[in-house]
There are 2 protein chains.
Amino acid sequence: MSNEFSLGEVQVSLSPQERFEEYLQSRGKRITKPRRALVDHIFRRHDHFDVEELIENLSEDGLEKIGRATVYRTLEELVKAGLLRKMELKGRAIYEHDYGYPQHDHLHCQICSQLIEFHSQELAAIRDAVSREHNFRATGHRFTITGVCFECSRKRHRQQSPHDLI
Amino acid sequence: MSNEFSLGEVQVSLSPQERFEEYLQSRGKRITKPRRALVDHIFRRHDHFDVEELIENLSEDGLEKIGRATVYRTLEELVKAGLLRKMELKGRAIYEHDYGYPQHDHLHCQICSQLIEFHSQELAAIRDAVSREHNFRATGHRFTITGVCFECSRKRHRQQSPHDLI
DNA sequence: CTTTGTGCAAAGCGTTTGCACTATT
DNA sequence: AATAGTGCAAACGCTTTGCACAAAG
């Protein structure tokens with residue numbers, strides 16, 4: 001158990017950095033300064049983030065010179081490498097750590113936009129059962145519950161859901 | 001049972017048109033020609049559709065004069081009225097009938113992009129249990145399984161998932 | 001007659017792409 | 001030296017918005 005990383009709850013034997021380099025090597029892609037800086041940065045601080053947030057935060061690490069295009073391109077690589085998970089919310093991409101983190105899904109508050117993670121074993125079972133029934137080869141799933149979080153429902157008694165507001 | 005509409009499997013007492021007019025009236029919004037034409041059109045033919053498809057098909061019903069802006073604005077109303085369900089896929093909005101249709105979720109083929117519907121009672125149960133645990137007031141959920149459908153996995157032995165392609 | 005809705009074209013926003021330059025191999 | 005990656009700015013695709021005109025109430 002000495003050379004294992006515990007980033008969340010899942011044990012993995014390579015650091016995200018190492019895993020990314022391995023991925024790059026295996027595809028004949030280059031290990032560059034911006035790529036290294038980005039993995040470091042992302043796995044140092046972020047949990048869920050969108051590109052705009054990420055770019056803003058880059059200056060905290062003195063990485064303001066990395067261009068948007070490089071950020072977008074690197075994020076794509078990180079997803080392909082299995083380090084990040086991407087999802088779409090309100091028209092923009094949200095990323096979160098995937099490598100070394102356990103499978104989970106989200107509650108999404110429509111008011112404050114916060115994402116709350118939850119774990120459910122049954123979900124994977126349903127996914128597999130449904131996929132089998134349809135001869136579908138599942139590679140992943142996304143389950144998102146939308147509504148109003150505890151804090152927001154305390155604050156506002158009138159809610160903003162599609163069906164209300166007279 | 002005489003005045004009921006069966007659009008899918010759920011019995012409802014108003015036609016989509018009537019329901020939409022009721023919704024519009026209740027908000028002091030006007031019942032206009034384009035709005036009426038759009039509900040008619042949408043509930044005549046479509047199942048899942050995106051805005052581009054919808055606009056292309058409008059000419060089949062002689063509705064080519066309805067502008068994009070009106071289409072977008074009306075779709076938004078139809079969602080608020082509970083007639084349509086909106087979801088985002090690959091950066092663009094997909095709509096499907098909601099009113100008069102049973103709750104369901106989707107399998108999404110990454111190759112041919114088709115959406116396959118499935119029904120699962122357990123899913124609602126999980127949603128409610130998880131929400132209760134987090135004091136979250138759920139108003140809906142979206143569960144999408146991604147992968148490769150039967151037809152596509154027969155055709156291609158090499159798949160296109162994130163992790164492959166040398 | 002008042003006010004909301006429409007159609008058009010322009011703007012907006014997140015993301016992608018072409019290209020000359022730079023850095024890795 | 002050869003080739004892949006970077007940064008910039010322009011282009012993109014989908015959606016929203018401002019505005020003058022049309023239509024509903």
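Throughout, protein chains are lettered first and strands after them, A, B, ... in sequence-line order, and every chain is numbered starting at 1. Everything numeric in this text was worked out from a predicted model, so none of it was measured. Heavy atoms only: backbone and side chains are in, while hydrogens, waters and symmetry mates are out.
- Comparing B:Lys29 and B:Arg92, the nucleotide of DNA chain D nearest to each residue sits closer to the 5' end for B:Arg92.
- At least one side-chain nitrogen or oxygen of B:Thr32 sits closer than 4.0 Å to the OP1 or OP2 atom of C:dT6.
- For B:His106 and B:His48, the ring centers sit closer than 6.0 Å to each other.
- Between the side chain of B:Glu76 and the backbone N or O of B:Arg73 there is no donor-acceptor pair closer than 3.5 Å.
- Judged by distance alone, with hydrogens and angles left aside, the side-chain atoms of B:Tyr101 form no donor-acceptor pair with the main-chain N or O of B:Glu96 at under 3.5 Å.
- Between A:Lys65 atom NZ and D:dC8 atom P the separation is 10 Å, expressed in whole Å.
- Rounded to whole Å, atom C1' of C:dC13 lies 12 Å from atom CG of A:Asp50.
- A side-chain donor-acceptor contact under 3.5 Å links B:Ser59 to the backbone of B:Glu56.
- Residues from residues 51-61 of chain A placing a heavy atom under 4.0 Å of any atom in DNA chain C, listed by number, are A:Val51.
- For the pair B:Glu64 CD and C:dT6 C1', the interatomic distance rounds to 16 Å; values are reported in whole Å.
- Between A:Arg73 atom CZ and C:dT17 atom P the separation is 10 Å, expressed in whole Å.
- OP1 or OP2 of C:dT15 lies within a sub-4.0 Å distance of a side-chain N or O belonging to A:Tyr72.
- Between A:Phe143 and B:Phe143, the ring planes lie perpendicular to each other; the angle is over 60°, past the 30° to 60° tilted range.
- Following rounding to the nearest Å, A:Lys90 (NZ) and C:dT15 (P) show an atom-to-atom distance of 13 Å.
- Each end of the helix from C:dC1-D:dG25 to C:dT25-D:dA1 gets its own rotation axis from five pairs of C1' atoms, and the angle between them is 30° to the nearest 10 degrees.
- To the nearest angstrom, P of D:dA4 lies 15 Å from CD of A:Gln25.
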Intermediate values then yes/no, salt bridge (Lys or Arg N to Asp or Glu O under 4.0 Å), B:Lys86 and B:Asp98: CA-CA 9 Å; B:Lys86 179 182 183 173; B:Asp98 191 7; over 6 Å; no
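- Distance CZ (A:Arg35) to C1' (C:dA23): 12 Å, rounded to an integer number of Å.
- The CZ atom of B:Phe49 sits 16 Å away from the C1' atom of D:dC14 (whole-angstrom rounding).
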B:Glu88 and B:Arg92: CA distance, side-chain angles, deciding distance, salt bridge (Lys or Arg N to Asp or Glu O under 4.0 Å) verdict: CA-CA 5 Å; B:Glu88 312 252 6; B:Arg92 72 155 127 359; over 6 Å; no
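- Between A:Gly28 and B:Arg30, the residue anchored nearer the 5' end of DNA chain D, judged by the nucleotide with its closest heavy atom, is A:Gly28.
- B:Asp50 places a side-chain N or O within 3.5 Å of a backbone atom of B:Glu52 that can act as its donor or acceptor partner.
- Side-chain atoms of A:Arg127 do not come within 3.5 Å of backbone N or O of A:Gly140 as any donor-acceptor pair.
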